[in-house]
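Comments concern the structure below.
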Amino acid sequence: MQKNNETIDNLTRIGNSLHLQQNYLSYIKFHQNTQLIMIDVENFKQINDTFGHNIGDLYLKTVAQLLTKNFPDSLVTRVHGDEFIVLTNQNENQIEKTFSTIEEDIQELVKDKKIPTIFRINAGSALLDATNIDLTQEKADLMMYIAKSNGSFYQAFSEYDWKINEKEKKFLEQFNQLLKNEK
């Protein structure tokens with residue numbers, strides 16, 4: 001997978017969203033059952049507001065390094081802000097163990113005074129549908145927010161949660177349509 005200046009995130013030095021778009025098909029061609037993982041840094045704005053943007057940047061670089069180290073043979077990208085996407089051939093149990101290792105790595109970095117305070121990441125995964133990466137990303141994103149709301153660092157895709165989400169979206173669409181019709 002080739003990287004050039006257009007496909008490298010300037011801060012973290014990993015691939016960016018363009019790199020993901022250009023390389024996900026070739027990745028899944030060689031990896032069966034690819035999982036798409038959405039990741040963000042919990043309370044990232046608070047980190048920036050408390051410690052400054054230089055420390056916020058350090059945390060983003062740290063996340064990129066930890067993801068690259070702990071997801072070998074995976075496609076690791078920073079898509080924007082504090083959000084990352086990993087394409088991996090690890091299964092859900094392996095992914096959960098990997099995030100436990102990352103949590104331990106973060107604690108070690110604080111202990112070694114390489115970062116000022118512990119931070120958490122939240123992640124959600126879904127099996128990649130090669131025909132619709134956007135839908136897969138939406139599913140993984142929902143799982144990430146469910147993990148965040150449950151106080152956990154990782155949540156694998158749940159068809160049940162997805163159906164509830166779809167029902168809520170449909171209800172909101174119908175409600176908005178009713179509001180428009182009353183005007």
Side-chain angles (χ1 to χ4, degrees), residues 1-42 44 60 63-102 121-150 152-177:
M1 288 176 254
Q2 294 285 329
K3 289 184 190 173
N4 60 47
N5 286 339
E6 291 179 348
T7 62
I8 294 176
D9 177 63
N10 289 332
L11 177 66
T12 62
R13 309 308 299 160
I14 62 174
N16 60 22
S17 57
L18 181 59
H19 182 73
L20 175 67
Q21 290 173 351
Q22 291 177 350
N23 292 285
Y24 82 92
L25 287 174
S26 62
Y27 182 85
I28 61 176
K29 185 164 55 169
F30 296 105
H31 299 91
Q32 295 290 321
N33 300 319
T34 298
Q35 293 281 336
L36 185 147
I37 309 169
M38 289 290 301
I39 301 156
D40 77 1
V41 178
E42 191 171 283
F44 185 68
L60 293 175
V63 171
Q65 291 167 357
L66 291 172
L67 293 174
T68 302
K69 171 186 154 194
N70 288 290
F71 285 102
D73 303 319
S74 298
L75 181 61
V76 179
T77 57
R78 176 178 174 219
V79 287
H80 49 77
D82 67 325
E83 293 189 357
F84 296 79
I85 291 179
V86 174
L87 297 184
T88 186
N89 61 341
Q90 292 184 12
N91 65 38
E92 293 168 2
N93 291 334
Q94 292 169 318
I95 293 169
E96 190 163 0
K97 288 177 185 172
T98 298
F99 279 113
S100 291
T101 300
I102 290 172
I121 56 177
N122 297 110
S125 72
L127 190 62
L128 182 62
D129 176 353
T131 63
N132 196 339
I133 190 171
D134 294 330
L135 179 62
T136 305
Q137 189 173 337
E138 189 178 333
K139 289 177 178 181
D141 197 43
L142 174 66
M143 295 303 109
M144 179 182 66
Y145 283 103
I146 289 173
K148 196 181 289 194
S149 67
N150 291 338
S152 62
F153 57 85
Y154 171 66
Q155 175 69 47
F157 180 72
S158 156
E159 193 66 44
Y160 173 77
D161 289 327
W162 181 251
K163 285 179 181 176
I164 289 173
N165 180 61
E166 290 300 298
K167 284 180 184 177
E168 288 174 0
K169 282 189 343 190
K170 193 177 271 187
F171 170 78
L172 289 174
E173 288 170 5
Q174 290 171 342
F175 185 73
N176 283 334
Q177 190 60 42

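Numbers here are sequence positions counted from 1.
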Closest non-hydrogen atom pair between L25 and A130, with its separation: CD2-O, 4.3 Å
All pairs passing salt bridge (Lys or Arg N to Asp or Glu O under 4.0 Å) where residues 23-40 contributes a residue, at least two apart: D40-K148
Minimum heavy-atom distance between P72 and K69, given as atom pair plus value: CD-O, 3.8 Å
Any side-chain heavy-atom pair of L20 and L87 under 4.5 Å: yes
From CZ (F71) to CG (N89), nearest 0.5 Å: 10.5 Å
For the student: nearest non-hydrogen atoms of E92 and A156, plus distance: CD-CB, 3.5 Å
CG on L60 to CZ on F84, rounded to 0.5 Å: 5.0 Å
From CG (L127) to NZ (K139), nearest 0.5 Å: 9.0 Å
Rounded distance [0.5 Å steps], CG in N10 versus CG in N16: 8.5 Å
Side chain to side chain contact (heavy atoms under 4.5 Å, CB included) partner of Q90, chosen from I37, I95, N70, N33: I95
Donor-acceptor under 3.5 Å (Q94 side chain, N91 main chain): yes
Side chain to side chain, E168 and I164, heavy atoms closer than 4.5 Å: yes
Nearest heavy-atom neighbours spanning D73 and H31: O-NE2, 3.9 Å
I146 backbone acceptor or donor facing S149 side chain under 3.5 Å: yes
Donor + acceptor pair across side chains of Q22, T7 (<3.5 Å): no
ring-ring contact (aromatic ring centres under 6.0 Å, His included) against Y154, all qualifying residues, sequence neighbours excluded: F99
Heavy-atom closest pair, residues S125 and Q35: OG-OE1, 3.5 Å
Pairwise distance OG1(T101) to NZ(K97) - rounded to 0.5 angstrom: 9.5 Å
Step-by-step side-chain contact (heavy atoms from CB on, under 4.5 Å) determination, E166 to K163: CA-CA 5 Å; E166 290 300 298; K163 285 179 181 176; 5.6 Å; no
Test side-chain contact (heavy atoms from CB on, under 4.5 Å) applied to M38 and I85, step by step: CA-CA 5 Å; M38 289 290 301; I85 291 179; 3.4 Å; yes
Residue pair T12 / A64: nearest heavy atoms and the distance that separates them: CB-CB, 3.6 Å
Value rounded to 0.5 Å, distance of CG in L128 from CG in L75: 10.5 Å
Contacts of type salt bridge (charged side-chain N to carboxylate O under 4.0 Å, His left out), residue D82, not counting sequence neighbours: none
